[in-house]
Amino acid sequence: MPDLQELRKQIDEIDNAMVQLFEKRMSIAEQVASYKIETGKPVFDEAREQEKLHALGKKTHTSFNCCGIQQLYQQIMSISRKRQYQLLQAHNPKDVSRFTPVDSLEKEGACVIYQGVEGAYSHAASIAFFGNEVNSRHVDTWKEAMEAIKNGSADYAVLPIENSTAGIVQDNYDLLTQYDHVIVGEQLIPCRHVLMGLPGTEIGEIEHVYSHPQALMQCRDFLNMHPDWNIHPYGNTAKAAKKVALEQDRHQAAIASPYAAEYFHLAVLQEGIYSNPGNSTRFIVVSRQKIYCKDAKKISISFELPHTSGSLYSSLSHLIYNGLNMTKIESRPVLNQNWEYRFFVDFEGNLKDSAVKNALRGLENEVQNLRIHGNY
């Protein structure tokens with residue numbers, strides 16, 4: 001039987017030698033970076049790397065070791081590139097974002113647009129972010145809100161982007177890709193859904209309940225306690241409240257925010273009907289101006305990747321090696337490209353930070369269709 005301690009000793013000796021060789025290799029990689037800086041050659045040479053990986057694989061004696069050595073050297077070469085990007089950025093600073101820093105957003109007198117009607121959670125988010133005196137108006141769809149920014153009839157749009165229970169608002173992720181707009185802020189609104197009806201109505205009189213499908217899902221446990229009710233999905237929680245107020249039918253009720261009940265003069269018939277007490281919706285504030293506040297702390301980007309092994313890890317490693325903390329990742333199908341996906345990533349940082357500039361420069365060279373959606 002082999003001696004375990006002796007085997008470990010041999011491994012330690014090999015590891016020590018590998019560390020020394022790695023540092024020697026990185027030193028030479030820095031010299032390669034200097035050459036590329038002088039000649040203007042790109043850091044990433046995919047054909048050269050694939051040729052190198054193929055040659056290294058042929059030097060091994062088993063298929064397992066072939067796969068292993070190729071994975072190992074993919075990482076080594078990826079690390080080398082990241083160091084080269086850092087040196088390139090230090091020698092020739094480049095602002096990938098092309099955003100302009102500002103001290104603060106211009107809120108006074110700005111026109112803010114949101115989807116829905118007065119009393120909607122989007123309306124509440126607009127007030128929470130811009131203040132009670134906000135100059136706001138509403139439209140029927142999120143796309144109309146983006147169009148209003150594009151044509152200059154509004155300065156900002158407030159859009160829901162994700163709910164802590166129901167997940168992302170997919171359509172708005174897609175709209176971020178379709179329009180060249182920028183996220184300049186965000187607002188978290190707790191979803192404290194209530195059941196509301198006409199003043200004086202008793203719950204026993206209710207036959208029909210209206211609300212947005214997500215709100216209905218978020219109140220599923222409560223609704224299951226009333227199997228005799230007819231549940232009707234509606235385009236917007238506040239529109240559901242408005243319907244009940246306008247039609248003056250005591251057999252109708254809506255699920256919406258307490259703010260909507262107050263706005264449409266409805267009575268709250270039941271509070272606390274949501275299944276998750278921590279349920280909240282995150283709204284983004286979007287502008288056509290490519291700006292960011294100097295004290296911004298979160299960056300949202302998106303990009304597409306080739307169908308190659310390790311491509312997602314390789315892209316995210318630009319954040320890892322620059323010490324940046326990723327807080328969210330989502331994917332959406334690329335329009336008219338079957339089985340191709342666009343990744344949306346949020347991470348902590350500011351566009352003026354050198355680590356952020358390094359990471360974005362590396363990503364720009366190694367992913368497809370990189371978009372910086374905002375720093376806020």
Side-chain angles (χ1 to χ4, degrees), residues 113-129 136-142 144-145 158-172 186-284:
I113 198 161
Y114 61 92
Q115 182 271 340
V117 297
E118 293 87 348
Y121 281 110
S122 294
H123 188 201
S126 301
I127 293 172
F129 190 86
S136 65
R137 61 186 179 89
H138 57 84
V139 290
D140 290 333
T141 66
W142 296 314
E144 287 179 77
V158 177
L159 306 173
I161 196 68
E162 66 173 326
N163 177 267
S164 58
T165 299
I168 67 170
V169 183
Q170 298 179 349
D171 289 349
N172 284 339
E186 65 178 350
Q187 182 67 50
L188 197 67
I189 296 293
C191 297
R192 302 291 183 254
H193 301 315
V194 299
L195 182 73
M196 61 191 70
L198 298 178
T201 299
E202 300 291 335
I203 284 188
E205 299 177 75
I206 300 302
E207 296 178 2
H208 301 275
V209 176
Y210 300 85
S211 193
H212 188 274
Q214 284 192 356
L216 294 174
M217 182 188 72
Q218 292 156 13
C219 301
R220 184 180 301 156
D221 292 342
F222 170 75
L223 293 173
N224 287 341
M225 296 168 59
H226 301 276
D228 54 323
W229 287 354
N230 296 297
I231 309 303
H232 304 277
Y234 215 69
N236 181 283
T237 55
K239 282 186 176 180
K242 184 176 182 179
K243 169 185 169 60
V244 172
L246 289 176
E247 296 186 3
Q248 291 290 300
D249 184 345
R250 295 172 66 90
H251 301 300
Q252 294 184 2
I255 290 176
S257 69
Y259 183 78
E262 180 180 355
Y263 189 89
F264 292 109
H265 307 292
L266 295 173
V268 174
L269 307 180
Q270 181 75 53
E271 296 180 333
I273 63 174
Y274 37 87
S275 302
N276 177 10
N279 183 31
S280 298
T281 296
R282 183 166 72 96
F283 291 83
I284 53 174

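Note that the coordinates shown come from a computational prediction; the quantities given were computed from them, not determined experimentally. Note: hydrogens, waters and symmetry copies are ignored here, and every other heavy atom, side chains too, is used. Residues: numbered from 1 along the sequence shown.
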From [X] [atom1] over to [Y] [atom2], what is the distance, rounded to the nearest 0.5 angstrom?
X: Cys191; Y: His212; atom1: SG; atom2: NE2; result: 11.0 Å
X: Ser211; Y: Ile273; atom1: OG; atom2: CD1; result: 8.0 Å
X: Tyr259; Y: Glu118; atom1: OH; atom2: CD; result: 8.0 Å
X: Met196; Y: Leu269; atom1: CE; atom2: CG; result: 8.5 Å

I would like to know whether Val117 and Phe264 meet side chain to side chain contact (heavy atoms under 4.5 Å, CB included); could you show each step before the answer? CA-CA 11 Å; Val117 297; Phe264 292 109; 4.1 Å; yes

Once ring-ring contact (aromatic ring centres under 6.0 Å, His included) is applied, do any residues pair with His193, and if so which ones, sequence neighbours excluded? Tyr121

Which pairs pass salt bridge (Lys or Arg N to Asp or Glu O under 4.0 Å) with one or both residues in residues 258-284, sequence neighbours excluded?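 Of all non-adjacent pairs touching residues 258-284, those that pass salt bridge (Lys or Arg N to Asp or Glu O under 4.0 Å) are Glu162-Arg282, Glu186-Arg282, Arg282-Asp346.
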
Begin with the C-alpha distance, continue with both residues' side-chain angles, and end with the deciding distance and a verdict on side chain to side chain contact (heavy atoms under 4.5 Å, CB included) for Ile161 and Ile168. CA-CA 6 Å; Ile161 196 68; Ile168 67 170; over 6 Å; no

Ignoring hydrogens, what is the shortest heavy-atom contact between Pro199 and Arg250? Give both atom names and the distance.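 Heavy atoms only, the tightest pair is O-NH1, 3.8 Å.
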
Leu198 and Ala267 have their tightest heavy-atom pair at O-CB, 4.1 Å

Taking only residues two or more places apart in sequence or in another chain, which ones pass side chain to side chain donor-acceptor pair (under 3.5 Å) with Thr281? Asn163

With sequence neighbours excluded, residues passing side chain to side chain donor-acceptor pair (under 3.5 Å) with Arg192: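 Result, side chain to side chain donor-acceptor pair (under 3.5 Å) vs Arg192: none returned.
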
Okay, side chain of Ser275, backbone of Gln218: is any donor-acceptor separation there less than 3.5 Å?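 Here the side-chain-to-backbone pair exists.
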
Show which side-chain atoms of residues 242-249 pair as donor or acceptor with protein atoms under 3.5 Å away, not counting sequence neighbours.
unit_1 : atom_1 : unit_2 : atom_2 : d
Lys243 : NZ     : Glu247 : OE1    : 3.0
Lys243 : NZ     : Glu247 : OE2    : 2.8
Glu247 : OE1    : Gln252 : NE2    : 2.9
Gln248 : NE2    : Ala245 : O      : 2.7
Asp249 : OD1    : His251 : N      : 2.9

Val158 and Phe129: CA distance, side-chain angles, deciding distance, side chain to side chain contact (heavy atoms under 4.5 Å, CB included) verdict: CA-CA 9 Å; Val158 177; Phe129 190 86; 5.9 Å; no

Under the side chain to side chain contact (heavy atoms under 4.5 Å, CB included) test, which residues partner Ser122, sequence neighbours left out?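 Tyr114, Pro160, Phe283.
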
My understanding is that only residues two or more places apart in sequence, or in another chain, count here; which of them pass side chain to side chain contact (heavy atoms under 4.5 Å, CB included) with Ser164?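 Side chain to side chain contact (heavy atoms under 4.5 Å, CB included) list for Ser164, sorted by chain: Asn276, Asn279, Ser280.
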
Decide yes or no for Leu195 and Ile255: does some side-chain heavy atom of the first lie under 4.5 Å from some side-chain heavy atom of the second? yes

For residues 224-236, please give each side-chain donor-acceptor pair under 3.5 Å, one per line with the distance, not counting sequence neighbours.
unit_1 : atom_1 : unit_2 : atom_2 : d
Asn224 : ND2    : Arg220 : O      : 3.3
Trp229 : NE1    : Ile206 : O      : 3.1
Asn230 : ND2    : Glu207 : O      : 3.4
His232 : NE2    : His208 : ND1    : 2.9
Asn236 : OD1    : Ala238 : N      : 2.7
Asn236 : OD1    : Lys239 : N      : 3.2

